[in-house]
Amino acid sequence: MTRAEASGPQETGGRRFRSSWLAYSLVAAMVGVVIGTVVWALGTANQPVPRPVADPSVPALPLPTFVGTTPRPAAAPARAATTASPTSASPSPSSPTPPRDRSATASGRPASTPTRSATPDVVELTPLPAEEERGLRSVDGGADTTVEFVNQRTGQVTVYWLNHWGYRVRVERLSPGESHRRDTQVGHPWVVTDGDGRTLAVYQPVAAPARAVVR
């Protein structure tokens, strides 16, 4: 074996060692740079930021004042006049004072004047025979009126209204001495029966307020 052939493996191994050492050096350098950067950043972040110091030679600028921001004091209420106007104290000649009522009593109250009753006279309806009920029925269009039914019998009576078909519609049952007032119309007939249902009287309302006395 020649010398050149024996030195071939040694040179190959030396080259590999140098390449590995160079790679490790680069990696170590990069890691060192990264660590140094991180340490520097942390140290800079923890340091307090210096505040600027005002220069006493520079005059301070006044703050701007906005219009309308300062509240104005409330206006004092107007002082009431203590003296009345001479024109208001004396009565106006155009409005004469009404004359005093001569009918006033000694106590100072005016005398009461009698008033007429607004209720018209009540007429008494004439009872019709019981046979008239068969041909009667209510017809609309008549004047509004009232009828007061009075029971002067010793027994109980029943008041019926005859509808538009001529049928009885019970309205009220009256004991002896009782009365009952109903609103109705002219043209609406009424029937009063005894306790057994027998017709006692038939009544036809009139325009004036009326009373139907059952005897």
Those residues at least two apart in sequence (or on a different chain) that pass side-chain hydrogen bond (donor to acceptor under 3.5 Å, both in side chains) with R134 are none
In this structure, NE2 of H188 is separated from NE2 of H164 (nearest 0.5 Å) by 4.5 Å
Members sharing V139's hydrophobic cluster, built from side-chain contacts under 4.5 Å between Ile, Leu, Val, Met, Phe, Trp and Tyr, are none
**Request:** Determine, using the 4.5 Å side-chain heavy-atom cutoff (strictly less than), whether L174 and V191 are members of one ILVMFWY cluster.
**Result:** no
Quick note, salt bridge (Lys or Arg N to Asp or Glu O under 4.0 Å) partners involving residues 19-34, not counting sequence neighbours, are none
Those residues at least two apart in sequence (or on a different chain) that pass side chain to side chain contact (heavy atoms under 4.5 Å, CB included) with S25 are W21
Applying side chain to side chain contact (heavy atoms under 4.5 Å, CB included) to N163 and not counting sequence neighbours gives W161, W165, Y167, V169
Separation between CD (Q156) and CD (E178), nearest 0.5 Å, reads 8.0 Å
Those residues at least two apart in sequence (or on a different chain) that pass side chain to side chain contact (heavy atoms under 4.5 Å, CB included) with D183 are T146
The side-chain hydrogen bond (donor to acceptor under 3.5 Å, both in side chains) partners of E132 (sequence neighbours excluded) come to none
Handout entry: Test item: N151 side-chain N/O and S175 main-chain N/O as donor-acceptor pair under 3.5 Å
Key = yes
Hits for ring pair (Phe, Tyr, Trp, His ring centres under 6.0 Å) against F149, two or more places apart or cross-chain, chain-then-number order -> W190
Residues 22-36 vs salt bridge (Lys or Arg N to Asp or Glu O under 4.0 Å), sequence neighbours excluded, gives none
> Under the 3.5 angstrom rule, does the side chain of S138 hit a backbone N or O of L162 as a donor-acceptor pair?
Replying inline: yes
Across all chains, not counting sequence neighbours, the side chain to side chain contact (heavy atoms under 4.5 Å, CB included) partners of V31 are V27, I35
* Would a distance-only check, ignoring hydrogens and angles, find a side-chain to backbone donor-acceptor pair under 3.5 Å from R181 to V147? -> no
- Message: If hydrophobic clusters are built from ILVMFWY residues whose side chains come within less than 4.5 Å, do V192 and Y160 share one?
- Response: no
The remaining residues in the hydrophobic cluster of V33, counting side-chain heavy-atom contacts under 4.5 Å among Ile, Leu, Val, Met, Phe, Trp and Tyr, are none
Expected list for residues 197-214: side-chain donor-acceptor pairs under 3.5 angstrom, two or more places apart:
{"from": "R198", "atom 1": "NE", "to": "D194", "atom 2": "OD2", "distance (Å)": "3.3"}
{"from": "R198", "atom 1": "NH2", "to": "D194", "atom 2": "OD2", "distance (Å)": "3.2"}
{"from": "T199", "atom 1": "OG1", "to": "E133", "atom 2": "OE1", "distance (Å)": "3.0"}
{"from": "T199", "atom 1": "OG1", "to": "R168", "atom 2": "NH2", "distance (Å)": "2.8"}
{"from": "Y203", "atom 1": "OH", "to": "V213", "atom 2": "O", "distance (Å)": "3.1"}

When rounded to the nearest 0.5 Å, the distance separating CZ of R153 from CZ of R215 is 11.5 Å
### Message
Any non-hydrogen side-chain atom of V171 less than 4.5 Å from a side-chain atom of R182?
### Response
yes
